[in-house]
Amino acid sequence: MNERVAQHNERIAWWREAKFGMFIHWGLYAVPAGSWKGKSYPGIGEWIMFKARIPIAEYEQLTQQFNPTEFDADAWADLAARAGMRYMIITAKHHDGFAMFDSAADQFNIVAATPFDRDPIAELAEACAKRRIRFGVYYSQAQDWHAPGGAIWKKPHEGGPDYGGANWDPAQEGDFDEYLRRKAVPQVRELLTNYGPISVVWFDTPLDVMTEERAALFEDTVRQLQPDTLISGRLGGKNQSDYESEGDNRIPDSVRPGDWETPATLNDTWGYRSDDTNWKNSDELVFKLVDIVSKGGNYLLNVGPDARGVIPEASRRILTEVGRWTAANGEAIYGAGPTPLGDELAKDAEPKWRCTTRPGVLYATLFEWSGRSVTLELLGFEITGASLLETGAALGFSQNRERVTIELPDTVTRADMPVVKLAYDVR
Ligand code: JFZ
């Protein structure tokens, strides 16, 4: 194994165990919350400045209304812990250019520009450290709609109008490399210097401007300051990241080799919008978590706190419900390997279940079955014992050839999404 691969394996070991993380999109866009001057702009809320073509000076006015006094880092970290999330990644700066931390490199930040005289990144880093939740930051390295020279999305966005790549404010004009030198790289340096261990820097939307050379500026900064920090998949350039990000909300159809993560929303937006109540329910989220782990990935699930600093009540409720499942069944998730089978992933597979593994053990999480027993196809595995993970109670089973039939106690219901733990010998 070469040095580079060995270092990568060491760096990413905790992340391979962790499986489930909290993503947080929080910034000035929580103030307009999806509409601008009485008009609602559909789609993801953190893009409001782009969608409504808000001039910089006007967007800056939002700082006066951003005073999230109800922000409570401990409460957020508690929620993540309760849900069973092992890491947290928050937007330190999104495409609007507004820094959610105390930055000497640029005054457009929460400490210098708002009445809120606190640094949420510092408070969250500390709250996470207390609970052994790994703390990381999202940083929009290429797009910056506020700084001169910052890149701007060129294509139509979410089916919106085609602006032909144009900016909407002359103040956005400038030199991209100058922007990197003056703002983006210094801010990433600040984040890796002032907040203790940063587990991940989650870069995003490299567009066509993140050449290998420019991406290397960020890679070098991260590696020099904190060699253990992971670089997420959207830095740009080439081969400079520690893991791949799937498309947003996208889950592959089969086991995907390598280190990868699905970033996903709880409703249909990342940044808070007051009118988005299209929440996924907790059963759906547990299924997605198990589905992703059974395919070898991590699940990075987003919350969008409002302008008061509050995570929406529905998000808290749903994540708390997910947490009841992870607390009882975490052994099937944390550090678990992908399915060694694969047939259960077929869309017409019946019953509906997902398989994760540890050495000598299969975990079958059941989502749909009928009757008091379930029959699973386990080609090549000789089952030597079966139990219900949550209680440890032994379960009766019988096996012929590739099929195993497991008796389920009548206390177990579909709502439990029970995990059957199967010890095996390889045939
Ligand atoms: C980006 C951001 O533009 C968005 O605001 C949010 O932060 C999200 C997590 O990331 O949007 C993307 C980026 C990449 C894909 C989809 C949405 N993709 O590769 O499918």
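Atoms within a ligand are numbered from 1 in the order they appear, just like the ligands themselves. In this chain, numbering begins with 1 at the start of the sequence shown.
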TODO: With a 4.0 angstrom cut-off on heavy atoms, strictly below it, pick out the residues next to ligand 1 and order them by chain and number.
DONE: Phe23, His25, Ile44, Glu46, Trp47, His94, His95, Tyr138, Asp204, Thr205, Arg234, Gly247, Asp248, Trp270
- [ ] Would you verify whether the NZ or CZ of Arg118 falls within 45 degrees of the ring axis of Phe71 while also being under 6.0 Å from that six-membered ring's centre?
- [x] no
Open item on the list: Against the six-membered ring of Tyr163, is Arg53 placed for a cation-pi contact (under 6.0 Å from the centre, within 45° of the normal)?
Closed with: yes
- [ ] Assess the side chains of Asn329 and Tyr363: does a donor N or O sit below 3.5 Å from an acceptor N or O?
- [x] no
Task: Pair Tyr41 + Trp36: ring centers closer than 6.0 Å - done: no
- [ ] Could you check whether the rings of Phe23 and His25 sit parallel, tilted or perpendicular, using 30° and 60° as the cut-offs?
- [x] perpendicular
Open item on the list: Measuring only between side-chain heavy atoms, which start at C-beta, is Phe50 closer than 4.5 Å to Trp168?
Closed with: yes
